[in-house]
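Read the structure below first, then the notes.
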2 protein chains.
Amino acid sequence: MARDEFELESFLPYRLNRAAEFVALRFAAQYRARYQLTRPEWRTLAALGSSGRSMTATEIGAHSTMHKTKVSRAVFSLEQRRWLKREEDGRDRRFEHLALTPAGEQAYKELTELASRYQAELLSMLGTEDMKALSTGLRGVERVMTKAAVRG
Amino acid sequence: MARDEFELESFLPYRLNRAAEFVALRFAAQYRARYQLTRPEWRTLAALGSSGRSMTATEIGAHSTMHKTKVSRAVFSLEQRRWLKREEDGRDRRFEHLALTPAGEQAYKELTELASRYQAELLSMLGTEDMKALSTGLRGVERVMTKAAVRG
DNA sequence: GTATATTGGTTGCAATCGTAACTATTGATT
DNA sequence: AATCAATAGTTACGATTGCAACCAATATAC
């Protein structure tokens with residue numbers, strides 16, 4: 001159980017967290033300014049929009065690793081904006097099937113344009129090589145993640 | 001300004017965030033359980049311990065991208081535990097030089113052992129290839145980060 | 001030298017968050 | 001079918017957060 005000197009700069013949680021925060025904050029600033037969207041709201045919208053179908057709150061939470069109270073509140077405020085509507089399941093009335101309204105679809109479309117531009121900007125800042133490496137590494141983490149339960 | 005279909009699963013902020021949360025949470029569970037440490041506290045301890053010298057609160061914040069109020073509160077509670085002490089700067093009394101006490105050093109040592117074991121575990125789960133790729137990609141992001149001001 | 005700006009750090013307060021407890025509905029057990 | 005367990009989602013509440021306003025000390029401008 002020998003261990004070499006610890007180096008914070010090479011500690012993966014530390015590095016990942018810094019990078020994630022940096023990348024996320026720059027994008028958050030954009031949708032916050034233009035749409036007054038919070039992070040959980042954007043994430044919920046994105047989960048619904050990208051799936052292209054209706055989802056339950058639990059599904060959204062699992063997909064985007066958000067705590068169910070976060071999802072619940074985001075759903076509520078998106079509903080207030082008329083960007084999504086709830087529909088109850090006929091067979092099992094515990095479920096709420098959430099789907100984007102036309103206005104929600106439109107907002108999603110605009111936001112994904114913003115997102116795509118941001119992604120392109122990131123690519124140009126990182127360069128193809130590093131982006132490829134990052135993607136490979138992240139795929140590895142994603143693979144590992146599926147073998148363990150998470151929540152956020 | 002053509003754009004192809006947006007894919008959330010390949011959107012970098014989304015992927016990075018999920019991965020970071022997953023990796024951080026598993027480690028946080030450990031130091032929370034064994035040392036009742038919060039994340040800002042651990043980060044402050046780590047910044048101080050790994051630098052091997054005394055630092056000001058502002059330095060800690062810049063280093064670990066934490067908001068200054070977060071740092072301020074973490075410093076306070078670490079001080080309560082007698083894990084760090086403040087020393088005022090003789091020339092410029094706005095500065096507080098923060099340094100670990102022997103108890104703090106000891107805690108840091110124990111926690112870095114935990115951290116090293118965790119890092120090794122991550123490596124074994126990811127495999128050398130993916131870990132290398134991830135590290136390369138993160139280095140790219142870190143390079144980009146230095147060209148822009150951040151805060152967290 | 002006095003006024004003003006800047007910087008390091010703390011604190012009040014409103015907003016956000018997560019745990020735990022709750023309601024409502026369905027499934028399982030007997 | 002009556003009780004108990006499990007699941008979807010909401011909510012009350014305490015804890016954490018970050019913005020803005022603040023204090024204190026130093027640097028700059030005049």
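So you know, we letter chains A, B, ... as the sequences are listed, proteins then strands, and number each from 1.
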### Ion pair E41(A)/R73(A), N-O distance below 4.0 Å
no

### Task
Give a yes or no on whether the backbone of T65(B) and the side-chain of R18(A) come within a donor-acceptor separation of less than 3.5 Å.
no

### Message
From CG of D89(A) over to P of dT25(C), roughly how many Å is that when rounded to an integer?
### Response
13 Å

### Message
So, taking the atom named CZ in R15(A) and the one named CG in L8(A), what distance separates them when rounded to the nearest 0.5 Å?
### Response
10.5 Å

## Note on the structure
Note: contacts of residues 49-57 of chain B with DNA chain C (heavy atom, under 4.0 Å) are T56(B), A57(B)

### Message
What contact category does R39(B) fall into here, base, sugar-phosphate, or nothing, at under 4.0 angstrom with non-hydrogen atoms?
### Response
nothing

### Query
Tell me the side chain to side chain donor-acceptor pair (under 3.5 Å) pairs involving residues 122-131 of chain B, sequence neighbours left out?
R143(A)-D130(B)

### Query
Taking atom C1' of dA8(D) as reference, at what distance in whole Å does atom CZ of R93(A) sit?
13 Å

### Message
Using modelled atom types and a 3.5 Å cut-off, is there a donor and acceptor pairing between side-chain atoms of T112(A) and backbone atoms of A115(A)?
### Response
no

### Query
CD of E21(A) versus C1' of dG18(D): gap in Å, rounded?
13 Å

### Message
Taking only side-chain N and O atoms of H67(A), does any of them lie within less than 4.0 angstrom of OP1 or OP2 on dC17(C)?
### Response
no

### Of V71(B) and R91(A), the one whose closest DNA chain C nucleotide lies more 5'
V71(B)

Do any N or O atoms of the protein come closer than 3.5 Å to N or O atoms of nucleotides 12-16 of chain C, and which pairs are they?
residue: dG12(C); atom: O6; partner: R73(B); partner atom: NH2; Å: 3.2

### Query
Quick one: K68(B) NZ to dA20(D) P, roughly how many Å, whole number?
12 Å

### N/O (side chain, S72(A)) to phosphate O (OP1/OP2, dT10(D)) under 4.0 Å
yes

### Task
Supply the atom-to-atom distance L48(B) CG to L78(B) CG, rounded to the nearest 0.5 angstrom.
8.0 Å

### Task
Using whole Å, report how far NE2 of H63(A) lies from C1' of dA8(D).
19 Å

### Query
In whole Å, what is the span from the CG atom of L84(B) to the P atom of dG9(C)?
12 Å

### Query
Is the shortest side-chain N to carboxylate O distance from R86(B) to E79(B) below 4.0 Å?
yes

### Message
Distance check needed: dG9(D) C1' versus E59(A) CD, whole Å only.
### Response
14 Å

Below 3.5 Å between N/O atoms, which protein atoms pair up with nucleotides 4-7 of chain C? Just atom names and distances, please.
residue: dT7(C); atom: O2; partner: R94(B); partner atom: NH1; Å: 3.1

### Task
Please say which of Q36(B), R39(B), E110(B) ends up in a side-chain contact (heavy atoms from CB on, under 4.5 Å) with Y31(B).
R39(B)

## Note on the structure
If each end axis of the helix from dG1(C)-dC30(D) to dT30(C)-dA1(D) is fitted on five C1' pair positions, the angle between them, to 10 degrees, is 20°

### Task
Whole angstrom is fine here: how far is it from CE in M66(B) over to C1' in dG18(D)?
14 Å

### Query
According to the ring-ring contact (aromatic ring centres under 6.0 Å, His included) rule, which pairs have a member within residues 92-146 of chain A, sequence neighbours left out?
F27(A)-Y118(A)

### Message
Working to the nearest 0.5 angstrom, can you tell me the gap between L100(A) CG and K85(A) NZ?
### Response
8.0 Å

### Task
First locate atom CD of Q30(A), then atom CH2 of W42(A), and finally report the distance between them rounded to the nearest 0.5 Å.
10.5 Å

#### Entry: Distance in Å, E142(A) CD paired with F22(B) CZ, rounded so as to fall on 0.5 Å steps
11.0 Å

### Message
Quick test of your reading of the model: are E21(B) and R26(B) salt-bridged, counting only N-O distances below 4.0 Å?
### Response
no

### Spatial distance of atom CG (L126(B)) from atom OG (S135(B)) [nearest 0.5 Å]
11.0 Å

